[in-house]
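I have placed the structure first, in the form of structure tokens, so that the comments after it can refer back to it.
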Amino acid sequence: MDSSSAVAALGALAHDHRLAVFRLLVQAGPDGIAAGALAERLGLPASSLSFHLAHLHRAGLAKQRRHGRSLIYSAAYPAMNALMGYLTENCCGGVACDAAAACEPSLKSERKTA
């Protein structure tokens with residue numbers, strides 16, 4: 001991943017609704033989730049959700065496919081992993097470290113509740 005792709009991906013995630021959409025896509029797994037179900041779970045109007053999904057799609061973080069009359073969206077895991085790799089490729093500045101522990105996300109991270 002190059003820096004312009006990383007900036008586009010981070011920019012796409014830099015919005016409350018898009019971040020929430022992306023996290024739900026990741027949770028849904030490779031099978032994805034229908035746009036209507038996403039809108040319902042997030043309480044977003046369909047037009048707003050379409051805007052946010054299009055932004056994630058343009059940044060390469062979301063994929064879409066048609067299943068009958070429904071659009072199914074899923075996370076683009078290779079792009080997500082490439083972004084994570086780009087962000088951590090210089091972990092510890094070349095100094096020997098336990099990279100697995102230093103760069104691994106914590107499951108106990110503090111989260112803001114709204």
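Quantities reported herein were computed from a predicted structural model and do not represent experimental measurements. The analysis underlying the following values was restricted to heavy atoms, covering all of them including side chains, and did not include hydrogens, waters or symmetry mates.
Here the side chain of Ser50 pairs a donor or acceptor atom with the backbone of Ala46 at under 3.5 angstrom.
Pairing each heavy atom of Ala59 with each of Ala9, the nearest pair is CB-CA, 4.1 Å. Smallest separation of non-hydrogen atoms from Ser74 and Gly29: CB-O, 4.2 Å. Across Ala79 and Gly60, no two heavy atoms sit closer than the pair CB-O, 3.1 Å. Pairing each heavy atom of Leu83 with each of Met1, the nearest pair is CA-SD, 3.6 Å. Taking each heavy atom of Ala35 and Leu49 in turn, the nearest pair found is O-CD2, 3.1 Å. In terms of heavy atoms, Arg18 sits closest to Ala12 at NE-O, 2.8 Å.
Summarising the geometry, atom CG belonging to Leu19 is positioned 10.5 Å from atom CG belonging to Leu61; distances are rounded to the nearest 0.5 Å. For the atom pair NE2 of His15 and CG of Leu13, the computed distance is 12.0 Å after rounding to the nearest 0.5 Å.
The side chain to side chain donor-acceptor pair (under 3.5 Å) check on Asp2 picks up Ser4, Ser5, with sequence neighbours excluded.
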Quiz item: So Val26 and Tyr77, side chain to side chain contact (heavy atoms under 4.5 Å, CB included) or not? Walk me through it.
Solution: CA-CA 8 Å; Val26 170; Tyr77 291 101; 4.3 Å; yes
Practice problem: Please test His52 against Phe22 for side chain to side chain contact (heavy atoms under 4.5 Å, CB included), starting from the C-alpha separation and ending with a verdict. | Solution: CA-CA 10 Å; His52 294 305; Phe22 185 72; over 6 Å; no
Quiz item: What's the verdict on side chain to side chain contact (heavy atoms under 4.5 Å, CB included) for Leu38 and Leu25, showing C-alpha distance, side-chain angles and the deciding distance?
Solution: CA-CA 9 Å; Leu38 274 172; Leu25 293 178; 3.8 Å; yes
Quiz prompt | side chain to side chain contact (heavy atoms under 4.5 Å, CB included) between Asp31 and Ile72, intermediate numbers included | solution = CA-CA 8 Å; Asp31 290 339; Ile72 308 297; over 6 Å; no
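For the pair Leu24 and Ile33, the minimum side-chain heavy-atom distance is 4.5 Å or more. Contact of the Arg65 side chain with the Leu71 side chain is not registered, since no non-hydrogen atoms from C-beta on lie closer than 4.5 Å.
By the criterion of side-chain heavy atoms lying less than 4.5 angstrom apart, applied directly or through intervening Ile, Leu, Val, Met, Phe, Trp or Tyr residues, Met84 is not grouped with Leu10; the two fall into different hydrophobic clusters.
Applying the 6.0 Å contact sphere to CD of Gln64 captures more than 12 heavy atoms from other residues, nucleotides or ligands.
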